[in-house]
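A quick write-up on the structure given underneath.
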Amino acid sequence: MKLGLLCLSVIFPAACPASLSAQSTPKAVLLALSKQDHTLSIVDPADLRVVARIPVGDDPHEVVASDNGKTAYVSNYGFGAFHTLAVIDLVGQTRQPSIDLGALRGPHGLDFKLGKVWFTAEAAKAIGSYDPATGKIDWIMGTGQDRTHMIYIFPDGKRIVVTNVNSATVTILDKTEGRPGGPPPGMPPGMQGGPPPGMPPGPMPTPPGGDWKLTVIPVGGGSEGFDISPDGKEAWVANAHDGTVSIIDLAQKKVTATLAVNVPGANRLKFTPDGKTVLISAGLALVVLNAATHKEVKRLTGVHASGGIQMQPDGERAYVACGRDGYVAAIDLKTLEMVGKVDVAGPDGLAWAVRE
């Protein structure tokens, strides 16, 4: 069986995903990216079996699934060299035409909310959204920060949080209310630039559709992986250079605590679904914190967590990318022990997809 698959992969690469699996994609699956093989693995969480591996292009880093669980989107990063999102049909287990982001180079962080794919573009110092229904990028916003890396969209789309690695900051974007359509009072239709002669000086009116207020918050060096608490009140940010975690009160928009939890190299952080526990990928270990006390609960030195962390929605397990060991570890969230693994070469980005 293995020999046959090897031969097929040499002669007919596109046939590999179909030949790997004799079954259709399960309703609920774990998605795991391989930066080494440039593939997306579709994993059945029931038995940790890889049912398909699909090519996704150069330097894949992050993956996200659509709300209906039928499509996955992968950022082709390349530190600004690349500018595409790979598109995967999870039902047909095939790669679809890529999304060309043009000048929005270095796509990395991804989220899927309100029927759209939201992404960061490091080289452009910007974030944006792509609407699959229209096949167009429908929104772009500059951050002015270096290496805008990871992104989280609140469910109503009115607040966005991003981390900026080299600037050592977090940006909170809040949407403001717009005015009715048409030009502001006294401005002829179609006029561009500043106010017309005779208009009093001062700030221009809010444009139709609203605007965005950006708040930049200094955190620790190497601010990269982060998560929003399930109650939406806090952002926890892993600072890879400092080995600390910054806690931001999102109502006050300020850092309220910096935890010296010894996590140098930490690049991902994730809350458990109940909000009680926080997992951190710290390179040589998976570190577990109590969200209420801010204290370390456990340090799994046998789990060389180096990338993505994904929670199973029922809170039973977490999945952690262990790049140097070539597998994704399955962690029992009750015992905090590794209970299984999925072989993936150089794993990084992880996602969960549930088909409607």
Side-chain angles (χ1 to χ4, degrees), residues 1-2 5 16-17 19-54 56 60-65 69 72 74 88 90 93 225 227 263 266-274 276-289 296-355:
M1 184 67 171
K2 291 183 179 179
L5 286 175
C16 279
S19 63
L20 184 61
S21 173
Q23 297 182 357
S24 60
T25 300
K27 182 177 179 180
V29 293
L30 173 70
L31 305 176
L33 281 178
S34 166
K35 290 200 293 187
Q36 182 175 320
D37 292 345
H38 300 171
T39 58
L40 176 69
S41 293
I42 301 176
V43 182
D44 187 342
D47 55 11
L48 301 183
R49 177 176 54 92
V50 176
V51 300
R53 285 191 175 96
I54 304 162
V56 290
H61 271 241
E62 294 298 315
V63 57
V64 70
V74 175
I88 304 300
L90 296 174
Q93 302 176 359
D227 198 12
V263 287
N267 63 359
R268 295 295 179 271
L269 179 151
K270 198 77 172 176
F271 277 89
T272 52
D274 61 12
K276 296 180 179 180
T277 309
V278 175
L279 275 61
I280 306 171
S281 290
L284 297 178
L286 177 67
V287 178
V288 184
L289 303 182
E296 183 176 311
V297 175
K298 193 169 186 177
R299 185 173 292 256
L300 286 73
T301 56
V303 180
H304 303 135
S306 62
I309 302 174
Q310 181 62 46
M311 296 294 166
Q312 197 164 291
D314 62 10
E316 293 294 318
R317 286 183 177 180
Y319 299 90
V320 182
C322 300
R324 81 177 198 182
D325 297 326
Y327 60 74
V328 175
I331 308 297
D332 185 311
L333 289 174
K334 293 180 180 178
T335 64
L336 296 177
E337 297 288 348
M338 187 171 84
V339 293
K341 63 182 182 179
V342 184
D343 290 333
V344 177
D348 191 8
L350 304 175
W352 193 265
V354 179
R355 192 166 68 254

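Hydrogens, waters and symmetry mates play no part in the numbers below; they use all other heavy atoms, side chains included. Predicted model only: the values in this text are computed from it and were never measured.
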Minimum-distance pair of heavy atoms, taken over all atoms of Val74 and Pro60: CG1-CB, 3.6 Å
Atom pair CG/CG of Leu33 and Leu350 - distance to nearest 0.5 Å: 7.5 Å
Listed once per pair and sorted, the salt bridge (charged side-chain N to carboxylate O under 4.0 Å, His left out) pairs that draw on residues 338-350, sequence neighbours left out: Lys35-Asp348
Distance (rounded to the nearest 0.5 Å) between Arg268 CZ and Asp227 CG: 11.5 Å
Interatomic distance, Leu31 atom CG to Leu40 atom CG [nearest 0.5 angstrom]: 5.0 Å
Test applied, side chain to side chain contact (heavy atoms under 4.5 Å, CB included); reference residue, Tyr319; option that passes from Leu48, Ile309, Ile331, Val342: Leu48
Thr39 backbone acceptor or donor facing Asp37 side chain under 3.5 Å: no
Separation between CG of Leu333 and CE of Met311, rounded to the nearest 0.5 Å: 5.5 Å
All pairs passing salt bridge (charged side-chain N to carboxylate O under 4.0 Å, His left out) where residues 299-318 contributes a residue, at least two apart: Glu296-Arg299, Glu316-Lys334
Side-chain heavy-atom pair Trp352, Leu30 within 4.5 angstrom cut-off: yes
Gap between atom OG1 of Thr272 and atom CG of Leu279 - 0.5 Å precision: 7.5 Å
Heavy-atom donor-acceptor pair, Asp325 side chain to Tyr327 backbone, under 3.5 Å: no
Considering all heavy atoms, the nearest Val320-Ser281 contact: CG1-OG, 4.1 Å
ring-ring contact (aromatic ring centres under 6.0 Å, His included) involving Phe271 - partner list, sequence neighbours excluded: Trp236
Non-hydrogen atoms of Leu90 and Ala353 that approach each other most closely: CD1-CB, 3.9 Å
Shortest non-hydrogen contact between Pro26 and Arg355, atoms and distance: O-NH1, 3.2 Å
Interatomic distance, Ile88 atom CD1 to Gln93 atom CD [nearest 0.5 angstrom]: 11.0 Å
Nearest heavy-atom neighbours spanning Leu289 and Ile280: CD1-CD1, 3.7 Å
Shortest non-hydrogen contact between Gln310 and Ala351, atoms and distance: OE1-CA, 3.5 Å
